[in-house]
Amino acid sequence: MISEKMIKLTQGNSVIRAMFEEGKKLAAIHGHENVYDFSLGNPSIPSPSAVNAAIIDIVQNEDPISLHGYMSNIGYPEVREEVALSLNKKFDTKFDKNNIIMSVGAAGGLNVVLKTLINPGDEVIVISPFFVEYGNYVNNYDGKLVIVPACRMDFRPNPETLLAAVTKKTKAVILNSPNNPTGVVYPEETIKALAEVLEKKSKEYGSPIYIISDEPYRELVYDGINVPFIPNFYKNTIVCYSWSKSLSLPGQRIGYIALPGDLDDFDLIFDAASIATRILGYVNAPALIQRVVSRCLDEQTDIDAYDANRKLLYNGLKDLGIEAVYPQGAFYLWLKTPGSDKEFITSAKKYNLLMVPGSAFTSPGYARIAYCVSYETIERSLPAFKKLAEELKLIS
Ligand code: PLP
């Protein structure tokens, strides 16, 4: 018999991936241009040209043996130093290379951090709706996922609800802002209020509760909105960053973990995380792309293209009587389904509209549209949404 945990996972395979597969099937029947696949958060904008230029230059000019060789598990020291300096410039922090571990995307970073922190039965709080994989990651290390709903008005975490959920066993709280799936950015006042709760509870129980800040969308924000850097508000914060979205590099698997020097048990955590990187089988973050991102730290994807999509989609749906959260960041639109989300998704499929039901994010009654598609796809999808709105009697 194979792993029981894995058998369970094969039975409840990801709804998002299933949608994506369905999209491919529908495209084969109706033609790619007639299927509106909003299921997957795969960036639709190419990486900045500096990325390819760096790849070519590095491959042509650096010593191939050291370029492709093994390295320290935590990554190239000079890359970690560049990342630290860039963070210091942006957030007025005091990092150096000894605060940074290069990771295999945010997913790799989160797994390293959870492996490092969790003892069996430890609780990890997540704010619902949340990125579904958190459940699998916490389960990998026999932790217990504790789901705390965000406020239904603005989808920000509510400090009082958090306070009620923290127990002696709480080891960490995962925060994700800009948020997948809601597109909400948590403002400074929310972060401060959450920090106050966690400080109080850490003191009461005599053991630190860590914030794990999952930040793959940090730079993907609109209208110049500020994304507070959480370590500046709560010292026991571990940041898991990724270039998957900010440089459109999800297949290259590159990110970092930032561990502030005043973190409780810093030395232990840093050393254990370095070992976790190895024993989880990542060994080290991919070599070539580490060097590439270190040359592109001031580069960014074309946020204006996502912004145009955001406005077109939000306003188009609003005109059809479909209510949604106006996204402040990331590339997701979180809409309220008029009836059950499952029925909404089934009706939408009739018009070749593919979205993910809120139930997949533990929030029934909503649906997520990933608008990281071409502008033309959104333009062409609006008549299909109109038909859906007519069927649901949102418009006549
Ligand atoms: N966290 C969130 C909230 C995400 O949306 C994603 C990917 O979509 C990840 C983590 C994983 O990102 P990465 O590709 O960097 O592993």
Side-chain angles (χ1 to χ4, degrees), residues 15-16 18-23 25-27 29-41 44 128-132 149-156 178-185 222-223 305-396:
V15 178
I16 302 178
M19 278 279 171
F20 181 64
E21 292 305 323
E22 186 144 357
K25 267 191 227 154
L26 285 175
I29 301 168
H30 302 286
H32 187 68
E33 67 290 356
N34 299 316
V35 175
Y36 314 108
D37 187 351
F38 297 111
S39 59
L40 207 61
S44 54
S128 160
F130 60 92
F131 177 57
V132 269
C151 169
R152 279 297 175 265
M153 300 294 288
D154 53 18
F155 287 96
R156 297 174 185 167
N179 185 264
N180 174 11
T182 63
V184 167
V185 172
Y222 309 106
D223 306 323
Y306 291 133
D307 193 13
N309 287 2
R310 168 182 82 129
K311 288 179 178 140
L312 179 65
L313 185 65
Y314 177 84
N315 292 325
L317 295 189
K318 195 170 158 205
D319 290 344
L320 297 172
I322 297 174
E323 240 182 88
V325 177
Y326 190 51
Q328 299 168 303
F331 38 48
Y332 304 108
L333 187 100
W334 185 241
L335 64 86
K336 198 162 172 18
T337 56
S340 99
D341 55 338
K342 291 202 171 124
E343 279 163 22
F344 180 81
I345 295 293
T346 309
S347 300
K349 259 191 246 168
K350 282 193 266 175
Y351 306 105
N352 292 340
L353 291 164
L354 298 177
M355 296 165 259
V356 182
S359 324
F361 302 94
T362 67
S363 293
Y366 293 86
R368 186 193 79 172
I369 297 183
Y371 57 83
C372 42
V373 295
S374 71
Y375 189 79
E376 293 69 35
T377 300
I378 297 178
E379 273 181 327
R380 278 189 281 106
S381 74
L382 288 176
F385 274 112
K386 184 159 185 275
K387 285 185 199 149
L388 175 64
E390 280 163 359
E391 179 189 317
L392 299 174
K393 308 218 173 340
L394 300 173
I395 49 169
S396 47

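Keep in mind that what you see is a predicted model, and the values were worked out from it rather than measured. Below, all heavy atoms of this structure are taken into account, side chains as well, without hydrogens, waters or symmetry copies.
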Closest heavy-atom contact between [X] and [Y]?
X: Phe38; Y: Ser381; answer: CZ-OG, 3.6 Å
X: Ala370; Y: Ser39; answer: CB-C, 4.3 Å
X: Tyr332; Y: Asn179; answer: CD1-O, 4.3 Å
X: Lys336; Y: Tyr366; answer: CA-CD2, 3.9 Å
X: Ala348; Y: Met355; answer: CB-CE, 3.4 Å
X: Leu320; Y: Leu394; answer: O-CB, 3.5 Å

Would you call Lys387 and Glu391 a salt bridge, taking side-chain N to carboxylate O under 4.0 Å as the test? no

Check this for me: His30, atom NE2, are more than 12 non-hydrogen atoms of other residues, nucleotides or ligands nearer than 6.0 Å?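 More than 12 within 6.0 Å, yes.
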
Are there more than 12 heavy atoms of other residues, nucleotides or ligands under 6.0 Å from atom CD of Glu323?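 12 or below, so no.
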
Please tell me if the side chains of [X] and [Y] come closer than 4.5 Å, counting only heavy atoms from C-beta onward.
X: Tyr351; Y: Lys386; result: no
X: Thr337; Y: Glu343; result: no
X: Pro338; Y: Phe344; result: yes
X: Arg152; Y: Ser363; result: yes
X: Asp154; Y: Val184; result: no

Scan the side chains in residues 311-318 for donor-acceptor partners under 3.5 Å anywhere in the protein, sequence neighbours excluded, and list what turns up.
| from | atom 1 | to | atom 2 | distance (Å) |
| --- | --- | --- | --- | --- |
| Lys311 | NZ | Asp307 | OD2 | 3.3 |
| Asn315 | ND2 | Lys311 | O | 3.1 |

Would you please test Ser44 and Tyr306 for side-chain contact (heavy atoms from CB on, under 4.5 Å) and show each step? CA-CA 9 Å; Ser44 54; Tyr306 291 133; 3.6 Å; yes

Partner of Phe361 under ring-ring contact (aromatic ring centres under 6.0 Å, His included), chosen from Phe130, Phe155, Trp334, Phe131: Trp334

Nearest 0.5 Å, what's the [atom1]-[atom2] distance between [X] and [Y]?
X: Asp319; Y: Leu382; atom1: CG; atom2: CG; result: 9.0 Å
X: Asp341; Y: Thr346; atom1: CG; atom2: OG1; result: 9.5 Å
X: Ile378; Y: Arg310; atom1: CD1; atom2: CZ; result: 12.0 Å
X: Leu333; Y: Ile322; atom1: CG; atom2: CD1; result: 9.5 Å
X: Ile395; Y: Leu388; atom1: CD1; atom2: CG; result: 9.5 Å
X: Thr377; Y: Asn34; atom1: OG1; atom2: CG; result: 10.5 Å

Main-chain N/O of Val373 paired with Asn309 side-chain donor or acceptor, under 3.5 Å: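 Here the side-chain-to-backbone pair exists.
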
Is a side-chain N or O of Thr362 found less than 3.5 angstrom from the main chain of Pro129, in a donor-acceptor match? no

Can you list the steps and then say if Leu354 with Lys349 is a side-chain contact (heavy atoms from CB on, under 4.5 Å)? CA-CA 6 Å; Leu354 298 177; Lys349 259 191 246 168; 3.5 Å; yes

